[in-house]
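In what follows, a structure is listed as structure tokens, so that the remarks can point back to it.
Just so it is clear: chains get the letters A, B, ... in the order the sequence lines come, proteins before strands, and each one is counted from 1. What you see is a predicted model, and the numbers here were worked out from it, not measured in a lab.
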Protein chains: 2
Amino acid sequence: MQISKGVEWAAHAAVLLSALPTGRGLKAEALARYHSVPGPYMAKQMQALSKAGIVQTARGKHGGYRLARPAGEITLWDIMTAIEGSKSAFTCTEIRQNGPCGATPEQCRKKCAIAAAFHAAEVAFRESLQAISLVEIAAGVAADSPRKHLRNVGAWLEKEAVAIG
Amino acid sequence: MQISKGVEWAAHAAVLLSALPTGRGLKAEALARYHSVPGPYMAKQMQALSKAGIVQTARGKHGGYRLARPAGEITLWDIMTAIEGSKSAFTCTEIRQNGPCGATPEQCRKKCAIAAAFHAAEVAFRESLQAISLVEIAAGVAADSPRKHLRNVGAWLEKEAVAIG
DNA sequence: CCATAATCGGACAATAAATATCCGAAATAG
DNA sequence: CTATTTCGGATATTTATTGTCCGATTATGG
């Protein structure tokens, strides 16, 4: 069980976008440069966020990405499913139906007990992530950073931000 | 995020072993045959359970696997970590330290807020799986199966089981 | 209105991990 | 002691992730 690295990058990028005022955004290259990650691969993650409706895009000169809705309505679960897809982590292959004592399909109307247990665990995981929005993350980051650092970030954003609407 | 197929197989195998009386077990080939899964790969999963101390082994003629402790003391989390390893699913690569506004290491004494949120979700996932032992799984399976099927399983086990001590 | 420049979007390799398999080491039974 | 049968670790094949490139699209400026 391994969460893709793209999820981490997309989450950081989304938090950065949440620091911008409404209607302003950043281009993919700037988002990659901010964290010193490979540009094209960062762009790939942003495309996934775009397809999921988490960010809005503008093409052409002065193009870029901005959040599609308020930061409080974007959770870490939204970002993770946008990157990794929404299929469940545990896939039951119904091996209980195989072999010399295989259960018949009508005996399997109820979900396999093992699959049900993993499903319940995944629900707990999902609900935990759904409780955290970009607002909470941004507040945590701000609380842990010195004023000087936040001013640097603000100046950098002011220099790089573009209007998207 | 994908849970390995080996986890499913190992869990089913462990549940099957839990149906045997203390001191009796099954050889790897029988465990594979019961669910019609590839023998050598099933054996690989059993080796992982053995290294994790979940099952005891006996080699030579009349060898095989038996549970190393009572079924109530073996949780699905134990099985999953035995197969997949115990490293966390989300790995923080500290990209906040990179780039033009990178945070200095001493600003990073607290864990990154994003990593902390994923860590909390993983804790919820883990605690959910730790609450389910082989006893609960076996009880669920028994409740969902007709008597006739359970008799078939019992007869098959009686035929295949070996004494391991 | 048209050419231009700069952006996003989807298609294309390289790498790492999971899946499946084989052969040697070890231990018991006779 | 010998032979048989088993587990254990090392070895290929397939799949998913990571990383990269070039074409489609759009606002800009003349």
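Protein atom CD1 of A:Ile164 is 12 Å distant from nucleotide atom C1' of D:dA27, rounded to whole Å. Here the C1' atom of nucleotide D:dT4 and the CD atom of B:Glu29 are 15 Å apart, to the nearest Å.
Residues from residues 2-13 of chain A lying near DNA chain D, meaning a heavy-atom separation below 4.0 Å, are A:Ser4, A:Lys5, A:Trp9 in numerical order.
Here chain A contacts DNA chain C (any atom closer than 4.0 Å to a heavy atom, that is under 4.0 Å), and the contacts span C:dA6 to C:dG10 from 5' to 3'.
B:Asn98 is linked by a side chain to side chain contact (heavy atoms under 4.5 Å, CB included) to A:Ser36, B:Ile95, counting only residues two or more places apart in sequence or in another chain. Partners of A:Glu29 according to the side-chain hydrogen bond (donor to acceptor under 3.5 Å, both in side chains) rule, which considers only residues two or more places apart in sequence or in another chain, are A:Arg33. Checked against side-chain hydrogen bond (donor to acceptor under 3.5 Å, both in side chains), B:Ser86 has no partners two or more places apart in sequence or in another chain. By the side chain to side chain contact (heavy atoms under 4.5 Å, CB included) test, B:Ile164 is found to be paired with B:Ala58, B:Arg66, B:Val162, residues two or more places apart in sequence or in another chain being considered.
Pairs engaging residues 94-106 of chain A under the salt bridge (charged side-chain N to carboxylate O under 4.0 Å, His left out) rule: A:Glu94-A:Arg96 [sequence neighbours left out]. Applying the salt bridge (charged side-chain N to carboxylate O under 4.0 Å, His left out) rule to pairs touching residues 141-157 of chain B yields A:Lys110-B:Asp144, sequence neighbours excluded. A side chain to side chain donor-acceptor pair (under 3.5 Å) check over residues 4-18 of chain B, counting only residues at least two apart or in different chains, returns the pairs A:Thr93-B:Glu8. A salt bridge (charged side-chain N to carboxylate O under 4.0 Å, His left out) check over residues 74-83 of chain A, counting only residues at least two apart or in different chains, returns the pairs A:Arg69-A:Asp78. Listed by first and then second residue, the ring pair (Phe, Tyr, Trp, His ring centres under 6.0 Å) pairs involving residues 97-139 of chain B are B:Phe90-B:Phe118 (not counting sequence neighbours).
Across the interface with DNA chain C, nearest-nucleotide mapping of B:Lys87 and B:Met42 shows B:Lys87 to be the residue nearer the 5′ end. Nearest-nucleotide mapping onto DNA chain D: of A:Gly39 and A:Gly60, the residue sitting toward the 5' end is A:Gly39.
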Could you go over nucleotides 8-12 of chain D and give all protein N or O partners under 3.5 Å, atom names and distances?
unit_1	atom_1	unit_2	atom_2	d
D:dG8	OP1	B:Thr57	OG1	3.4
D:dG8	OP2	B:Tyr65	OH	3.2
D:dG8	O4'	B:Arg59	NH1	3.4
D:dG8	N7	B:Gln47	NE2	3.0
D:dG9	N7	B:Gln47	OE1	3.0

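Heavy atoms only, all atoms of each residue included: A:Ala11 and A:Ile79 are closest at N-CG2, 4.0 Å.
Residue B:Leu16 is tested with B:Leu134, B:Val141, B:Leu26 for a side chain to side chain contact (heavy atoms under 4.5 Å, CB included); the sole match is B:Leu26.
A:Lys27 comes within 4.0 angstrom of the backbone, heavy atoms only, and of no base.
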